[in-house]
Amino acid sequence: MGCCSSASSAAQSSKREWKPLEDRSCTDIPWLLLFILFCIGMGFICGFSVATGAAARLVSGYDSYGNICGQKNAKLEAIPNSGMDHTHRKYVFFLDPCNLDLINRKIKSVALCVAACPRQELKTLSDVQKFAEINGSALCSYNLKPSEYTTSSKASVLCPKLPVPASAPIPFFHRCAPVNISCYAKFAEALITFVSDNSVLHRLISGVMTSKEIILGLCLLSLVLSMILMVIIRYISRILVWILTILLILGSLGGTGVLWWLYAKQRKSPKEAVIPEQLQVAEDNLRALLIYAISATVFTVILFLIMLVMRKRVALTIALFHVAGKVFIHLPLLVFQPFWTFFALVLFWVYWIMTLLFLGTTGSAVQNDQGFVEFRVSGPLQYMWWYHVVGLIWISEFILACQQMTVAGAVVTYYFTRDKRNLPFTPILASVNRLIRYHLGTVAKGSFIITLVKIPRMILMYIHSQLKGKENACARCVLKSCICCLWCLEKCLNYLNQNAYTATAINSTNFCTSAKDAFVILVENALRVAAINTVGDFMLFLGKVLIVCSTGLAGIMLLNYQQDYTVWVLPLIIVCLFAFLVAHCFLSIYEMVVDVLFLCFAIDTKYNDGSPGREFYMDKVLMEFVENSRKAMKEAGKGGVADARELKPMLCRER
């Protein structure tokens with residue numbers, strides 16, 4: 001189960017030739033068993049929370065004395081007003097629903113079981129008494145009869161806060177919730193810091209509600225634009241990459257030139273009639289301009305050097321993007337892969353949230369300081385929360401890893417099938433079948449490694465948020481540094497995991513062997529990896545920006561012609577966020593395909609040379625790149641050995 005191996009085994013592994021799609025065997029079985037046991041533990045938590053009565057308390061609700069609404073209740077020892085028959089009182093009503101505890105995120109109010117929610121606002125105690133007499137629903141404490149609402153001196157404490165807002169029961173959860181959202185304006189303002197006026201909040205939400213058709217249409221537009229962009233990238237990849245490269249160079253040159261021009265202009269400006277304070281400011285600005293100009297010059301020089309080194313590798317990025325477009329033509333179901341993954345994640349998150357809600361009401365009844373009932377879990381079972389949180393991270397990462405393995409398996413099948421007419425009818429489904437039959441253990445292990453890194457980072461982020469404004473500068477710097485380092489480690493491991501899944505899909509090896517083999521291949525082609533990840537990722541990022549800007553522009557034009565909106569910033573923000581999410585989902589699949597193609601290409605060129613018996617598997621576009629690189633290597637060999645030695649790893653098979 002460990003990833004460590006001896007030097008001799010590593011040497012044997014390096015000599016082992018890859019046999020794409022020939023052998024297939026189960027990998028990392030112990031990790032699959034461990035994952036199954038963990039999922040059984042998650043199921044136990046759900047079953048425990050339901051079996052201990054949490055489901056009834058969650059769905060039907062309960063009052064402040066531990067009575068579940070809508071049924072008969074057993075008497076709780078030493079707790080007054082418990083054990084009441086609430087068969088005809090099916091709804092939970094809060095005496096002060098607007099009294100919110102923002103820290104603990106709950107309503108700080110006495111809860112009662114009532115027969116009906118007040119559908120209209122009740123302004124006086126007489127209205128409350130009349131409502132109880134007509135509807136048979138007493139809104140004051142159980143100790144106070146409806147006839148005493150207007151005469152008792154305790155009515156101001158035992159009855160709801162006036163005026164009682166109009167409310168309606170929440171579907172399936174039997175809670176009386178105020179119809180007017182202004183009751184929760186304070187809570188909303190705590191979440192939306194830029195809202196300082198309730199009227200602004202009302203206008204924002206009304207803008208969302210009245211523009212829901214436009215929001216839906218713009219979301220569909222972003223979906224269509226993402227699919228169109230994936231098609232366009234294939235046909236204009238060569239032009240697009242060079243345009244972006246030229247724009248980047250021109251932008252850096254122009255920025256550097258402007259900074260030096262501003263520095264020279266300010267240095268030559270007369271300073272005789274300037275007061276001392278202004279002279280000091282001018283000198284500070286001049287010094288800052290000099291620093292900026294020098295920094296921009298250094299950046300431009302470094303950029304030129306990088307472009308000089310990467311110029312021969314941009315062609316490989318263009319070729320890979322072109323072949324990736326062909327992959328989507330032969331494997332059209334790849335386009336819908338983000339939908340299945342998102343659907344699986346949503347189903348799991350709904351299950352996780354429901355179980356979390358059950359856990360929130362499970363446990364034994366305990367009387368708090370105010371004399372009301374709370375349900376708390378004691379003993380070892382109180383740590384189920386942590387287990388449940390770890391399950392959220394691990395299983396979510398497992399689902400994402402299944403997507404990566406599925407995409408890798410389908411692309412590997414496409415690449416290493418010489419005659420594309422012999423491809424399986426649905427390579428995606430064939431890849432899913434191989435994943436379920438052979439490689440779930442590998443996916444479980446890879447996702448667990450990501451979980452091990454993500455949990456400490458989330459803990460540190462939580463500590464940082466709790467200590468915000470209290471810690472000293474040194475502690476703040478250490479915390480942020482640790483969070484940043486863990487984030488970088490997580491990104492590196494994600495990239496390595498993805499390539500390990502590709503190696504597993506090719507050779508059916510376990511996770512550690514696949515990760516080691518993929519790492520060796522990536523190190524041998526480090527410069528090309530850097531070129532693909534910089535040029536390719538930058539191009540895809542600009543594609544995301546293009547989709548967001550196009551959708552946002554369409555949203556501005558549509559919303560601008562609607563006179564009913566006072567504030568339509570929130571609908572536009574929602575549309576832009578959704579557009580970025582959709583673009584990221586689609587283009588991340590494109591990026592994943594490019595990364596898988598590159599690893600397949602690197603393996604193909606390492607173990608094959610085009611001779612009889614060792615023919616290449618690659619596409620014609622990649623074959624042209626190899627032939628051009630061979631010509632360049634021969635020319636470099638005549639002029640010097642530096643370039644020849646640099647091109648050798650990709651073009652010479654292992655001896």
Side-chain angles (χ1 to χ4, degrees), residues 211-248 314 317-343 403-404 406-407 410-411 414-415 420 423 426-428 532-561 571-598 619 621-622:
S211 60
K212 53 184 180 294
E213 294 84 4
I214 294 179
I215 292 176
L216 181 60
L218 291 173
C219 291
L220 292 176
L221 175 64
S222 65
L223 182 64
V224 173
L225 290 177
S226 299
M227 299 179 71
I228 293 175
L229 182 62
M230 293 179 68
V231 177
I232 292 177
I233 289 177
R234 178 200 169 190
Y235 294 101
I236 66 169
S237 56
R238 184 184 301 275
I239 301 174
L240 190 60
V241 169
W242 286 117
I243 288 176
L244 294 177
T245 304
I246 293 172
L247 288 177
L248 184 60
V314 174
T317 304
I318 295 172
L320 288 174
F321 269 75
H322 189 78
V323 176
K326 292 184 177 180
V327 171
F328 280 95
I329 293 177
H330 286 86
L331 311 178
L333 289 181
L334 273 178
V335 176
F336 302 100
Q337 192 61 34
F339 291 107
W340 315 133
T341 303
F342 180 73
F343 182 69
Q403 172 184 269
Q404 294 176 348
T406 301
V407 173
V411 176
Y414 170 84
Y415 187 96
K420 307 306 179 188
L423 283 170
T426 52
I428 288 289
I532 292 171
N533 285 332
T534 52
V535 178
D537 290 357
F538 183 66
M539 185 169 69
L540 293 178
F541 172 75
L542 289 184
K544 298 174 188 178
V545 174
L546 177 63
I547 292 173
V548 172
C549 292
S550 301
T551 308
L553 180 61
I556 291 174
M557 294 175 64
L558 290 174
L559 293 172
N560 189 46
Y561 286 102
L572 194 61
I573 292 176
I574 293 174
V575 167
C576 290
L577 288 176
F578 184 84
F580 182 82
L581 178 63
V582 170
H584 176 73
C585 289
F586 277 92
L587 295 181
S588 63
I589 293 293
Y590 207 102
E591 180 184 359
M592 201 180 301
V593 170
V594 171
D595 290 336
V596 174
L597 285 173
F598 172 75
D619 188 88
V621 177
L622 294 174

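Remember, predicted model here, so these are calculated numbers, not experimental data.
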Close side-chain approach of [X] and [Y], heavy atoms under 4.5 Å:
X: F586; Y: L223; result: yes
X: F336; Y: L333; result: yes
X: Q403; Y: I589; result: yes

Roughly how far, to the nearest 0.5 Å, is the [atom2] atom of [Y] from the [atom1] atom of [X]?
X: Y414; Y: F328; atom1: OH; atom2: CZ; result: 11.5 Å
X: L218; Y: S550; atom1: CG; atom2: OG; result: 11.5 Å
X: I428; Y: T406; atom1: CD1; atom2: OG1; result: 7.0 Å
X: S588; Y: K544; atom1: OG; atom2: NZ; result: 6.5 Å

Taking the six-membered ring for Trp, are F580 and H584 parallel (under 30°), tilted (30 to 60°) or perpendicular (over 60°)?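 Because their plane-to-plane angle is under 30°, the rings of F580 and H584 count as parallel.
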Minimal non-hydrogen separation, [X] against [Y], with atom names:
X: S226; Y: I547; result: OG-CD1, 3.4 Å
X: L331; Y: A410; result: CD1-O, 3.7 Å
X: A554; Y: L221; result: CB-CD2, 3.8 Å
X: T551; Y: S222; result: OG1-CB, 3.7 Å

